[in-house]
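Here is the structure we will look at, set down as structure tokens.
The figures that follow rest on heavy atoms only: side chains count, while hydrogens, waters and symmetry mates do not.
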Amino acid sequence: MDKLSELLWYKAPAENWDEALPVGNGRLGGMVFGKPADELIQLNEDSIWSGGFRKRNNPKAYSNLEKMRTLIREGKTSEAEALCSDAFYGTNENQRHYHPLGDFHIWQSGAENYTDYERSLDLENSICTTCWTSGGVSYRRTVFASCPDNVIAIHFTADRKGAIGFTALIDGKDDDYDKNEAYDENTLLFTMSDGVPYGAAISCSAKGEQVSRGTCDANRIHVENADEALITIACQTAFRTSDYEKLAISQAKAALRKGFFNLTAWHIADYRALYERCSLKLCDNSGGNAELPTNERLQKIKDGEKDNKLIEMYFNFSRYLMISGSRKGTLPLNLQGIWNKDMWPAWGCKYTVNINTEMNYWGAEIQNLSECHTPLFDHIERMRENGRVTAREMYRCGGTVCHHNTDIWGDTAPQDKWLPATLWPMGMAWLCTHLYEHYLFTGDRLFLAQKYDTIREAAEFFADFLTEDDKGRLITSPSVSPENTYITKDGAKGTICQGPSMDSQILHELFTAVLKCSEALDASVKPADDKEFVEKIKSLRDRLPKPEIGKYGQIMEWAEDYDEAEPGHRHISQLFALYPYDLITKRHTPELAFAAKATIERRLKHGGGHTGWSRAWIINMWARLGEGERVGENIAALLAWSTSISLLDMHPPFQIDGNFGGGAGIAEAIVQSHSGEIWLLPAIPAEWESGSVRGLKARGGFELSFEWKNGKVTELEVFSECGNPCAIVGTGLSVISGEENIPAADDGDTVRFETKPGVTYKVTGF
């Protein structure tokens, strides 16, 4: 383990939830405070939500759709917004929201007047540890969340026999539980029947000459005079099984029987199989700061000092959170991943799909964690039927649609009663581009064959929904540019509009996905009408508005060149075309790229990037523009002003998307692979002058490993998973495989060569 970049550590316990350290196995999550005497581990399970599915589609929407479009077209903004409030808001304002599981408390003896305190999170092994000395005895408490064994494990040791003693219990939030009692002599059972019913089982064993096991009475676990002790926590819900209590008890007891050594070994092996696929090493420019506790290193960043190893750690932490929060068979990462302490969390701790949920998964493919992307794909399927109902009942359209939020049940109706965001029909369209991205990175045609109908169905909605503007273009109406407000020429403010730029850009990507996926698949796995549908989608794509440049030299956000009510707004939706899409690129559309740069600068000049996730998006945008110094400046700003000492992203409040967006942005500065080309070191800041990466992924099914010195690649290894042609930006490069020279076509700024699946190629001459 590299302590400089793989160990978060501190000399004091967490003072609040934001400073606690997260553990997770994709489904179960815990926030560990690291308090010696009165430890708190706040618990979550990904499917504990507030209730069941609600039917919320507004039955008045379709009968008012053309009236709404006419009001927008005629510039009667206030009337359109009044109609939206009446006819287009959901019939119940809110979807369901995410709930905590409970608080697990440990009151441990031997913690009075402690010294030599340290708490840490080992990113290499996914283990959280608290150590201290009291009364001449050294104590250690270890916490991890095991995916193979479906438990959170807590292990207690000391360097003196018989020194372990504690009392532990679990309680609910806001009295939110039905049963909290001893199930048997070494297991507690904690249940809840409201919302999504669940059962949590907590088992304990202890070893020592004076104690043979942990004992339970009433609602507490008691251990005294033990040499070591082990607690296992399991939870299951009615979302997945009707026997949730029985299964939780079985899992907790089975893990306890396995013992700490075996639990740890299986946990580490499972975790490392994902974590070790990829690594990043940057030269150490910290001047010794990298040896300091993590909170002190962050303070040094605020003071303007450099610490590449902390950036390296932030990258590793984003991968840790992905592995810990999103595994095959779990729910996708919500606004807080799986870590939430509140019964009424900010924004319901749901899936906000006008940027935040998508940002959670921006790093999954490039960081070589494709499997961790699959919970999002599963949830898209969960949404699909509900989206059909919303499309039909609200708009009389075919296909499937979702607005700007969804929940555990895949609700697709408009969420909230907030004009800047609610009536935005692009959620399903954007989510389905992730299916296409997964295919681009993996080349998995079986996956594509399974998901092509879903991508098609998202496009089918817009084939019916799009309407013509006065320039003959096909546009969305009604819609909004997410969460932003415009000012008309006569000074009026508005949000509801027609043809916002982001909508057309998302649709260009979605329609392109339909065309490319159809081209990649055999006729035998495509619908009978696919040829006709593809021709229709192609003609629709050709009539979409293209990105336009406005009066400030910026990419226009709306169909009209309006001013923004907030020029420094956190959303920069009109630059979807720059990132995550590639309709605007520095190499291929330089004029639009220059306008994109002006757009970001205008936002930043007026205070933009003030939320963690917005700053993370800006990092990715600067990377796409090849602006390495801006990448470095904005990573420093993200760390200094939008990151807690636990390295969790602060919106504020805590929102995990900034962690994933920031991790993706660091990768994007080192490798880019849009537009069919691989670009190495496209946007590294000067202080990253030397370093190495291993296992980063590129579109086309390539895995890349290379070192660089003085800002230049020394040698590249390309592992081809699919056997696709490879194109690398550069000139004069040589390619070999084993001892064989591989023919490479050099067109002046790009070298292209053929590959075979399962073969590694070395590229030199940079």
Side-chain angles (χ1 to χ4, degrees), residues 5 278-285 301 306-319 359 362-368 441 572 575 578-582 584-587 593 596-597 600 604 609 612-640 642-643 649 658-675 677-699 702 704-714 716 728-730 766:
S5 62
C278 171
S279 71
L280 165 66
K281 301 296 179 185
L282 297 175
C283 52
D284 185 0
N285 64 346
I301 296 290
K306 305 291 186 181
D307 189 345
N308 281 347
K309 290 298 178 181
L310 188 60
I311 294 169
E312 197 178 305
M313 180 185 288
Y314 194 88
F315 177 80
N316 290 332
F317 188 60
S318 73
R319 298 189 300 121
M359 183 179 287
W362 281 354
E365 300 294 340
I366 193 171
Q367 292 177 341
N368 212 337
F441 273 94
I572 315 180
L575 294 191
L578 175 67
Y579 186 92
Y581 194 23
D582 62 354
I584 297 175
T585 69
K586 183 180 178 181
R587 279 171 55 77
K597 179 178 179 180
I600 305 169
L604 290 173
W613 65 262
S614 181
R615 182 71 66 179
W617 196 359
I618 289 168
I619 292 167
N620 284 277
M621 292 174 181
W622 282 131
R624 282 288 175 92
L625 291 170
E627 297 278 352
E629 296 314 304
R630 300 292 187 91
V631 167
E633 291 167 8
N634 282 273
I635 290 173
L638 179 67
L639 289 170
S642 298
T643 303
D649 175 67
N659 286 108
F660 296 119
I666 292 167
E668 199 74 16
I670 296 168
V671 168
Q672 293 175 22
S673 61
H674 52 279
S675 305
E677 303 161 335
I678 295 172
W679 193 359
L680 306 179
L681 306 183
I684 60 168
E687 60 262 27
W688 299 6
E689 61 178 356
S690 300
S692 66
V693 291
R694 176 180 52 78
L696 283 183
K697 294 294 292 292
R699 293 170 183 85
F702 301 110
L704 310 177
S705 300
F706 59 91
E707 295 184 6
W708 71 92
K709 295 180 180 179
N710 300 317
K712 291 188 177 182
V713 175
T714 56
L716 165 70
I728 299 174
V729 175
F766 291 95

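The side-chain heavy atoms of Trp617 and Ser614, taken from C-beta on, include no pair separated by under 4.5 Å. Proximity of Asn368 to Leu696: side-chain heavy atoms (C-beta onward) are nowhere separated by under 4.5 Å. Put simply, the side chain of Phe660 does not reach to within 4.5 Å of the side chain of Trp362, judged on heavy atoms. The closest side-chain heavy-atom distance from Arg587 to Ser675 is not below 4.5 Å. By the 4.5 Å heavy-atom criterion applied to side chains, Leu704 and Leu680 are counted as neighbours. At least one side-chain heavy atom of Val671 sits less than 4.5 Å from a side-chain heavy atom of Phe706. Using a 4.5 Å heavy-atom threshold, the side chains of Glu312 and Ile666 count as separate.
For Phe766 and Trp708, the ring centers sit 6.0 Å or farther from each other.
Contact record, Gln367 with Ala664: NE2-N, 4.2 Å, taken as the closest heavy-atom pair. Of all heavy-atom pairs spanning Asp582 and His674, the tightest one is OD2-CB, 3.5 Å. Met359 approaches Gly658 most closely through the heavy-atom pair SD-N, 4.4 Å.
Annotation: the span from Glu689 atom CD to Lys712 atom NZ amounts to 13.5 Å, rounded to 0.5 Å. Note: Ile366 CD1 to Arg699 CZ = 7.0 Å, rounded to the nearest 0.5 Å. Taking CH2 from Trp613 and CG from Asp649, the interatomic distance works out to 10.5 Å, rounded to the nearest 0.5 Å. Note that CG of Leu639 is 6.5 Å distant from CD1 of Ile311, once rounded to the nearest 0.5 Å. Remark: Ser692 OG to Ile670 CD1 distance equals 9.0 Å, nearest 0.5 Å. Note that CD1 of Ile618 is 7.0 Å distant from CD1 of Ile600, once rounded to the nearest 0.5 Å.
A donor-acceptor contact shorter than 3.5 Å links the side chain of Arg624 to the backbone of Tyr581. In this structure a side-chain-to-backbone donor-acceptor pair under 3.5 Å is missing from Arg694 to Ser705. The backbone N or O of Ile619 sits nowhere less than 3.5 Å from a side-chain atom of Glu668 that would complete a donor-acceptor pair. A donor-acceptor contact shorter than 3.5 Å links the side chain of Asn308 to the backbone of Cys283.
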For the pair Glu629 and Glu687, evaluate side-chain contact (heavy atoms from CB on, under 4.5 Å) and give the outcome as yes or no after the intermediate values. CA-CA 9 Å; Glu629 296 314 304; Glu687 60 262 27; 4.2 Å; yes

Check step by step if side-chain contact (heavy atoms from CB on, under 4.5 Å) holds for Phe315 and Ile635. CA-CA 11 Å; Phe315 177 80; Ile635 290 173; over 6 Å; no

Lys597 and Trp622: side-chain contact (heavy atoms from CB on, under 4.5 Å), yes or no, with the steps? CA-CA 8 Å; Lys597 179 178 179 180; Trp622 282 131; 3.7 Å; yes

With side-chain contact (heavy atoms from CB on, under 4.5 Å) as the test, would you mind laying out the steps for Asn634 and Leu638 before giving the verdict? CA-CA 6 Å; Asn634 282 273; Leu638 179 67; over 6 Å; no

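Take Arg630 and apply the side chain to side chain donor-acceptor pair (under 3.5 Å) test, not counting sequence neighbours, and it matches Glu601.
Residue Leu578 is tested with Ile584, Thr585, Asn620 for a side-chain contact (heavy atoms from CB on, under 4.5 Å); the sole match is Ile584.
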